[in-house]
Amino acid sequence: MYEKIKLYRNHGIKSRDNVTIFGVNSRLDSLNAEILSFRLTRLENIIRKRRKNVMLYKKYLKTDKVNLPVENKENFDPYVMFITQCKDRDKLHKYLNSKNVQSLIYYGTPLHLHVASKNIGLNKFKLPNATKIASRVLSFPHHQYLKESQIKHVCKLINKFYEE
């Protein structure tokens, strides 16, 4: 696996005229490697804060119209993204934006409906569950710089939206 990753990161080039797999250029220059090294020292703290913020959403959201991600003991989610499923997603998204709260629709198009899927024939399948889930996904702010009061505010707006 290690050897394959090394090849992949350098266009698959094993030696000057020997390309064994097709790869990409994902080598880091010295400056970006140093930045990454610095940022990795803070990663554990960032993950801890993001996980805490997700727990605050679980505490303050008082609606069954928002399905939050569920963790089990076998999974540890660092919450790079905080993707929920929401009833009336588009209306909630518009409402939050009107209140200056950013929410993002990640993966709003199911994989089988992307143009790239046509090349492998995946678009021929009817996948109603994937389509339904994609129509409900919405991500709320959860980054490590948020304060509890800000998360409470977002939750208050979401709860108010569903009460009306």
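Computed from heavy atoms alone, side chains included, the values below leave out hydrogens, waters and symmetry copies.
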Donor-acceptor contact below 3.5 Å, side chain [X] vs main chain [Y]:
X: Ser117; Y: Leu113; answer: no
X: His11; Y: Ile13; answer: no
X: Arg51; Y: Asp77; answer: yes
X: His142; Y: Tyr79; answer: yes
X: Ser37; Y: Glu34; answer: no
X: Tyr57; Y: Pro141; answer: yes
X: Asn159; Y: Tyr60; answer: yes
X: Asp29; Y: Leu31; answer: yes

Are [Y] and [X] connected into the same hydrophobic cluster when the rule is that any two of I, L, V, M, F, W, Y join if their side-chain heavy atoms are below 4.5 Å apart?
X: Ile5; Y: Tyr8; value: no
X: Tyr107; Y: Leu111; value: no
X: Leu68; Y: Leu56; value: yes
X: Leu92; Y: Leu104; value: yes

A side-chain contact here means heavy atoms from C-beta on lying under 4.5 Å apart; do [X] and [Y] qualify?
X: Phe82; Y: Asn53; value: no
X: His112; Y: Thr131; value: yes
X: Phe140; Y: Val101; value: no
X: Lys4; Y: Ile21; value: yes

Check your understanding: When Leu61 is tested against each of Val154, Ile158, Thr84 for side-chain contact (heavy atoms from CB on, under 4.5 Å), which residue passes?
Key ->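 When Val154, Ile158, Thr84 are each tested with Leu61, the side-chain contact (heavy atoms from CB on, under 4.5 Å) holds only for Ile158.
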Shortest non-hydrogen contact between [X] and [Y], atoms and distance:
X: Glu71; Y: Phe76; result: OE1-CA, 3.7 Å
X: Ala130; Y: Pro110; result: O-CB, 4.0 Å
X: Arg50; Y: Val80; result: NH1-O, 3.2 Å

Exercise for review: Evaluate whether atom NZ of Lys91 has more than 12 neighbouring non-hydrogen atoms of other residues, nucleotides or ligands under 6.0 angstrom away.
Suggested key: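 No, because the 6.0 Å sphere around NZ of Lys91 holds 12 heavy atoms or fewer from other groups.
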Review point. In terms of heavy-atom contacts, does OH of Tyr145 have more than 12 from other residues, nucleotides or ligands at under 6.0 Å?
Key: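 At most 12 heavy atoms, drawn from other residues, nucleotides or ligands, come within 6.0 Å of this atom.
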Point to revise | side-chain hydrogen bond (donor to acceptor under 3.5 Å, both in side chains) between Asn45 and Arg48, intermediate numbers included | key: CA-CA 5 Å; Asn45 192 42; Arg48 184 184 53 73; 2.4 Å; yes
Nearest 0.5 angstrom please: [X] [atom1] to [Y] [atom2], how far?
X: Asn32; Y: Arg39; atom1: CG; atom2: CZ; answer: 10.5 Å
X: Leu40; Y: Ile35; atom1: CG; atom2: CD1; answer: 12.0 Å
X: Lys156; Y: Lys99; atom1: NZ; atom2: NZ; answer: 11.0 Å
X: Ile83; Y: Leu138; atom1: CD1; atom2: CG; answer: 9.5 Å
X: Ile151; Y: Lys52; atom1: CD1; atom2: NZ; answer: 7.5 Å
X: His153; Y: Leu146; atom1: NE2; atom2: CG; answer: 11.5 Å

Point to revise | Sequence neighbours excluded, every pair satisfying salt bridge (charged side-chain N to carboxylate O under 4.0 Å, His left out) that has a member inside residues 127-148 | key: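 Qualifying pairs: none.
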Check your understanding: What residues form a side chain to side chain contact (heavy atoms under 4.5 Å, CB included) with Ala33, not counting sequence neighbours?
Key ->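 With neighbours one apart ignored, the set is Leu28.
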